[in-house]
Number of protein chains: 2
Amino acid sequence: MADETNKRALPATSWAVLGLLSFGEELSGYDLKKWSDWSLRFFYWSPSFSQIYSELKRLEKAGYASSRMVAQDTGTRDKRVYRITDEGMAAVRKWAREAPVDPPVLKHGPMLRLWLGHLLEPEQMREVLVQHQEFAEGMRRRAAADVEGAKDESAWVYPALTLKWAERYYASERDLAAGMLADLDELGGLRPRP
Amino acid sequence: MADETNKRALPATSWAVLGLLSFGEELSGYDLKKWSDWSLRFFYWSPSFSQIYSELKRLEKAGYASSRMVAQDTGTRDKRVYRITDEGMAAVRKWAREAPVDPPVLKHGPMLRLWLGHLLEPEQMREVLVQHQEFAEGMRRRAAADVEGAKDESAWVYPALTLKWAERYYASERDLAAGMLADLDELGGLRPRP
DNA sequence: GTGCTCATGTAAGGCGTTACATGATTAT
DNA sequence: ATAATCATGTAACGCCTTACATGAGCAC
């Protein structure tokens with residue numbers, strides 16, 4: 001068993017990476033990054049390559065994952081692949097079941113700008129909202145597409161569920177922006193939109 | 001004029017603190033913290049005391065804020081109060097108008113847990129959702145109360161607008177949790193709720 | 001006189017990013 | 001040839017937090 005001091009209070013990102021491994025596949029750091037870009041980023045940010053690599057080292061040191069080098073059948077360099085250990089499986093299960101339910105962290109840059117509305121022209125406030133709306137709709141669409149890709153795999157029921165949540169979340173963000181645009185109009189001082 | 005090298009690429013948190021000062025009042029670090037707990041935290045996280053103090057130093061060094069010590073009329077220690085400079089006003093206005101519209105940062109811990117649903121009992125998934133729902137409703141209520149406090153001050157029109165946004169945002173978070181609880185029920189394998 | 005609140009800071013350290021280094025294979 | 005992609009890392013640094021230090025007045 002690995003050193004106990006390496007096991008206390010892992011950051012959420014570690015659990016996210018270990019969580020990716022908990023679906024049972026043997027994955028490289030590179031795979032993990034793409035995987036996380038594909039699903040995690042809708043509700044949790046996707047860590048950088050370098051962080052994924054260092055998280056993997058930490059997880060291995062803690063005894064939660066094991067790795068081996070594999071030669072590629074044809075082409076490209078050897079890669080290191082990781083697999084979750086029984087101990088890791090037990091740890092991530094325990095975390096998912098018993099960790100306190102922390103409030104989500106939100107850093108809403110566009111809202112911060114709008115909060116400073118006294119520094120902007122009405123037209124600039126609109127512009128921020130419109131761009132945010134477009135971002136939200138793009139995310140919604142991508143989440144929806146990913147739900148389609150996941151819904152028939154029984155292993156992805158829960159990921160599919162969270163993707164469905166994400167689809168609704170970004171739809172709501174889009175609508176919330178529309179609502180604020182309407183509030184701005186009501187505030188007056190604006191030439192009506194054509 | 002202050003050193004140009006101190007002016008490049010301030011983090012969003014600096015702008016948030018300078019933004020708090022842009023309403024024109026002379027405020028201490030302590031005031032700023034409370035102010036930010038009161039309004040910023042609904043859509044942007046509230047920085048710690050120590051960070052506010054160091055942001056203020058940075059802003060002063062950049063020439064965006066000036067400070068002076070004031071003696072308290074009666075009791076308690078002297079405090080240092082900060083005021084935005086003309087240069088700071090111009091800088092924050094420029095930032096609010098011209099910075100690119102970045103996507104919001106979301107780190108949704110509860111969703112990360114639910115994404116790992118294969119590690120949880122259905123009852124535990126419910127519990128996470130219910131707790132998150134309660135958190136969201138609490139935030140919604142507090143935002144609504146703060147809208148009431150702000151809506152009659154003409155200086156707070158835009159802050160009031162973002163608080164209204166926040167009220168709807170947390171209502172949506174609450175409803176999204178309810179929706180996911182319903183999705184869970186549909187998935188079956190659950191004894192129906194009494 | 002004990003503890004709470006106001007008030008300001010320093011120190012240490014973890015989290016996470018960008019930039020850089022490396023090198024092999026594949027496509028053009 | 002060269003550019004792009006796959007793949008794995010290191011180094012440097014910035015952001016931000018927690019813990020700690022300090023000290024004064026006020027309430028009980």
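Numbers restart at 1 for each chain; the letters A, B, ... are given by sequence-line order, proteins then strands. None of these values were measured; they are calculated from a predicted model. When reading the values below, keep in mind they use all heavy atoms of this one structure, side chains included, and skip hydrogens, waters and symmetry mates.
Using a 4.0 Å cut-off between a side-chain N of Lys or Arg and a carboxylate O of Asp or Glu, B:Asp146 and B:Arg41 do not qualify as a salt bridge.
B:Leu10 has its CG atom 12 Å from the P atom of D:dC16, to the nearest Å. The distance from atom OH of B:Tyr30 to atom C1' of D:dG25 is 13 Å, rounded to the nearest whole Å. Nucleotide D:dT8 holds its C1' atom 16 Å from the CG atom of A:Leu27, rounded to whole Å. In this structure, the NZ atom of B:Lys57 is 6 Å from the C1' atom of C:dG9, given to the nearest Å. B:Trp45 places its CH2 atom 11 Å from the P atom of D:dC15, with the value rounded to the nearest Å. Going from atom CZ of B:Arg80 over to atom C1' of C:dT8 covers 10 Å, rounded to whole Å. The distance from atom NZ of A:Lys33 to atom P of D:dA7 is 15 Å, rounded to the nearest whole Å. Rounded to whole angstrom, the span from the OH atom of B:Tyr44 across to the P atom of D:dC16 amounts to 7 Å.
The side chain of A:Ser48 contributes an N or O atom lying less than 4.0 Å from OP1 or OP2 of C:dT17. Taking 4.0 angstrom as the limit, B:Gln51 places a side-chain polar atom (N or O) nearer than this to OP1 or OP2 of D:dT17. For B:Tyr53, a side-chain nitrogen or oxygen approaches OP1 or OP2 of C:dT8 to under 4.0 Å. The side chain of B:Thr13 contributes an N or O atom lying less than 4.0 Å from OP1 or OP2 of D:dC16.
Side chain of B:Arg140 to backbone of B:Arg174: no donor-acceptor contact under 3.5 angstrom is found.
Seen from the ring of A:Trp38, A:Arg142 does not count as a face-on cation partner, given the 6.0 Å and 45° thresholds.
Checking each of B:Trp165, B:Tyr169, B:Phe42 against A:His108 for a ring-ring contact (aromatic ring centres under 6.0 Å, His included) leaves exactly one that passes, namely B:Trp165.
A donor atom on one side chain and an acceptor atom on the other are found under 3.5 Å apart for B:Asp31 and B:Ser28.
Out of D:dA7, D:dC16, C:dT8, the shortest distance to the side chain of A:Lys79 is found at D:dA7.
Taking for each of B:Ser50 and B:Lys107 the nucleotide of DNA chain C with the nearest heavy atom, the 5'-most of the two is the partner of B:Ser50.
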